[in-house]
Number of protein chains: 2
Amino acid sequence: MSTRGRGLHGHVLDTLGPAITAGEYPPGSVLRTDELAQRFEVSRSVMREAVRVLESMHLVESRRRVGVTVRPTAEWNVYDPQVIRWRLAGADRPRQLRSLTVLRSAVEPVAAGLAARHATAEQCAELTECALGMVATSRGQQLEGYLVHDVAFHRIVLNASGNEMFARLGDVVAEVLTGRTHHQVMFEDPDPAAVTLHVQVAEAVRAGDADRAESLTREIAVGALRELDVLAP
Amino acid sequence: MSTRGRGLHGHVLDTLGPAITAGEYPPGSVLRTDELAQRFEVSRSVMREAVRVLESMHLVESRRRVGVTVRPTAEWNVYDPQVIRWRLAGADRPRQLRSLTVLRSAVEPVAAGLAARHATAEQCAELTECALGMVATSRGQQLEGYLVHDVAFHRIVLNASGNEMFARLGDVVAEVLTGRTHHQVMFEDPDPAAVTLHVQVAEAVRAGDADRAESLTREIAVGALRELDVLAP
DNA sequence: GACTCTTGAATTAGTCAGACCTAATGCGTT
DNA sequence: AACGCATTAGGTCTGACTAATTCAAGAGTC
């Protein structure tokens, strides 16, 4: 999925991107286009295209007579899904998961409140279906199935909010949830309280109760943050 | 500021980017690299680099034997600062301002709460300074000066939250505030209630009162949303 | 006759190599 | 300290070639 056949420059990015975001080339490091082209055994044109993409992500800056300089972390486009994926695959995955979870805790409650006002009947039905799916897979080592419904649930809420910026966080949430399931204890079933809360959120959205949908989602978020505190100091 | 001298491909992007995000080429439209290169009077290499950048923003997709296809709006990287700037300069600026303001209303209260816990003494001082600056420029047609302090205030709060994702929204908030000041009624002085709230937020952060900082900031956000409702149906 | 499968021609992006241009940088001279 | 020039690495252009994908025409089948 990550290594789509976007051509040679894509392959270069799949190697260079993770290397830079992982801090392998610390901010201030200087790379030279020609040297990189030789190392990756591609032409200068291809390497230039790759550099342009990294530049548009604000990961590097290209200057004449100097080379390609890695920019400070604070300037990176950390909302770029590609950058998020690269960083989640790297060493500071825990820190990244925490940042994203805090973001979720801010956004999702408001999104749920808006969803309660704007969700269509179809979206309400899908939401309920997801919640029931979560209940059905909440016991007996069915974490993969649970994950699917969980991701779908949050994606629907974000979409139903009617806010474009919220909707585009669906992928981020999916990455966070997937990361949590795949890189932490797979032995225990999900927290029963969280399952119940999801069902209640679905009900609140269906009933059009914005305040209740928001505060219930806030409880889910608090739970997710607490879970992170327990598993990662 | 927008037209940085990033070379020819930058100039192409400054024209093509706004055109695409403005819907001048609706999703599904097909462009051809060679034709574009001719129209912009640049070589294919330069045009290819520009297309690669647009591709990394998920604005277009390049396929063999087909051309460069404009992707559906729902797939765009709407958090890319460049895309945000392009869209804010375009026709659906009002819709965009609303989306971003709703995002602010979700994020900033949580950020303020975290800032109350993590802000350094220096950040607290800067925050108070900004709040005082806002008070000083709140009367007598000093909207430009007020804007500077307002932007700085929110930027400090987001930075002081200690969360990287929040911090990177500083530019977005700056764009929103600037847009509000420059494209709406410039005659009236800012709402006195909002000024007071900013001062109180600075106090709450300094006092380490997270709950108070959060709820006060939520009031600011509600005010901003109400202001939008009044000025844009 | 309608349908499916194969094949090949047309088209467009992808890649490469080499040449030349341009602008910063850094050093040596004055 | 100020100036100027050589160096260096990115910026641009060109032309040729490669490769993938679409589309349509034709062969084969039911």
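Every chain is numbered from 1 and lettered A, B, ... according to where its sequence line falls, protein lines coming before strand lines. Because the structure is predicted, anything quoted here is derived from the model rather than measured.
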Participant: When the distance from CZ of A/Phe40 to C1' of C/dC16 is rounded to whole Å, what number comes out?
Facilitator: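 A/Phe40 atom CZ is separated from C/dC16 atom C1' by 18 Å.
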Participant: Is the phosphate of D/dG11, meaning OP1 or OP2, less than 4.0 Å from a side-chain N or O of A/Arg52?
Facilitator: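 Affirmative; the distance criterion is met.
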Participant: Between P on D/dG11 and CD on A/Glu49, what's the gap in Å once rounded to a whole number?
Facilitator: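 To the nearest whole Å, that distance equals 13 Å.
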Participant: With respect to the side chain of A/Val68, which nucleotide from C/dA17, C/dA13, D/dG10 is positioned closest?
Facilitator: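 Shortest atom-to-atom distance from the side chain points to D/dG10.
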Participant: Does B/Arg48 place a side-chain N or O at less than 4.0 Å from the phosphate oxygens OP1/OP2 of C/dG14?
Facilitator: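 B/Arg48 to C/dG14 OP1/OP2: side-chain N or O found under 4.0 Å.
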Participant: Report yes if the distance between the aromatic ring centroids of A/His149 and A/His154 is under 6.0 Å, otherwise no.
Facilitator: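 Not under 6.0 Å, so no.
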Participant: I'd like to know if A/Arg6 pairs up with B/Glu55 as an ion pair, taking the criterion as any Lys NZ or Arg NE/NH1/NH2 lying under 4.0 Å from an Asp or Glu carboxylate oxygen.
Facilitator: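 No, no charged N to carboxylate O under 4.0 Å.
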Participant: D/dA9 phosphate, OP1 or OP2: any side-chain N/O from A/Thr33 under 4.0 angstrom?
Facilitator: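 The answer is no; no side-chain N or O of A/Thr33 sits under 4.0 Å from OP1 or OP2.
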Participant: Below 4.0 angstrom, N of the basic side chain to O of the carboxylate: do B/Arg180 and B/Asp150 qualify?
Facilitator: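 Salt bridge: yes.
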Participant: Within the distance-only criterion (no hydrogens, no angle test), does the side chain of A/Gln123 pair as donor or acceptor with the backbone N or O of A/Thr120 below 3.5 angstrom?
Facilitator: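 Indeed, once roles are kept as given, a pair shorter than 3.5 Å links the two residues.
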Participant: To the nearest angstrom, how far is A/Leu8 atom CG from D/dA19 atom P?
Facilitator: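 Rounded to whole Å, this separation is 11 Å.
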Participant: Could you state the CD-P distance from B/Glu61 to C/dT12, rounded to the nearest angstrom?
Facilitator: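 Between P of C/dT12 and CD of B/Glu61: 17 Å.
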Participant: Whether the side chain of B/Arg65 and the base of D/dT22 hold a donor-acceptor pair under 3.5 Å is what I'd like checked.
Facilitator: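 Present.
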Participant: Round to the nearest Å and state the distance from A/His11 atom NE2 to C/dG14 atom C1'.
Facilitator: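 From A/His11 NE2 to C/dG14 C1': 16 Å.
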Participant: Report yes or no: is there a donor-acceptor pair, N or O only, under 3.5 Å between the side chain of A/Arg44 and the base of D/dT12?
Facilitator: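 Under the 3.5 Å cut-off, the side chain and the base do form a donor-acceptor pair.
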Participant: Among D/dT21, D/dC13, D/dT12, which nucleotide sits nearest the side chain of B/Ser45?
Facilitator: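 Closest nucleotide among those given: D/dC13.
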Participant: To the nearest Å, give me how far apart NE2 (A/His9) and P (C/dA13) are.
Facilitator: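 So the two atoms are 15 Å apart, to the nearest Å.
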Participant: Round to the nearest Å and state the distance from A/Asp34 atom CG to C/dC16 atom P.
Facilitator: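 The answer, rounded to whole Å, is 14 Å.
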Participant: Over all strands shown, is A/Arg64 touching base, sugar-phosphate only, or nothing at heavy-atom distances under 4.0 angstrom?
Facilitator: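 A/Arg64: base contact, heavy atoms under 4.0 Å.
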Participant: Does a side-chain N-to-carboxylate-O contact under 4.0 Å join A/Glu164 and A/Arg168?
Facilitator: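 No.
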Participant: Distance check: side-chain N/O of B/Arg63 vs OP1/OP2 of D/dT22, anything under 4.0 Å?
Facilitator: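 Looking at the OP1 and OP2 atoms of D/dT22, one of them is under 4.0 Å from a side-chain N or O of B/Arg63.
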Participant: Return the nearest nucleotide to the side chain of B/Val42; candidates are D/dT12, C/dC16, D/dC13.
Facilitator: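 The closest nucleotide is D/dC13.
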Participant: Toward the 5' end of DNA chain D, which comes first, B/Glu41 or A/Val66, by nearest nucleotide?
Facilitator: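 It is A/Val66, whose closest nucleotide lies nearer the 5' terminus.
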Participant: Rounding to an integer number of Å, can you tell me how far A/Met47 CE sits from C/dC16 P?
Facilitator: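 Taking CE of A/Met47 and P of C/dC16, I get 10 Å after rounding.
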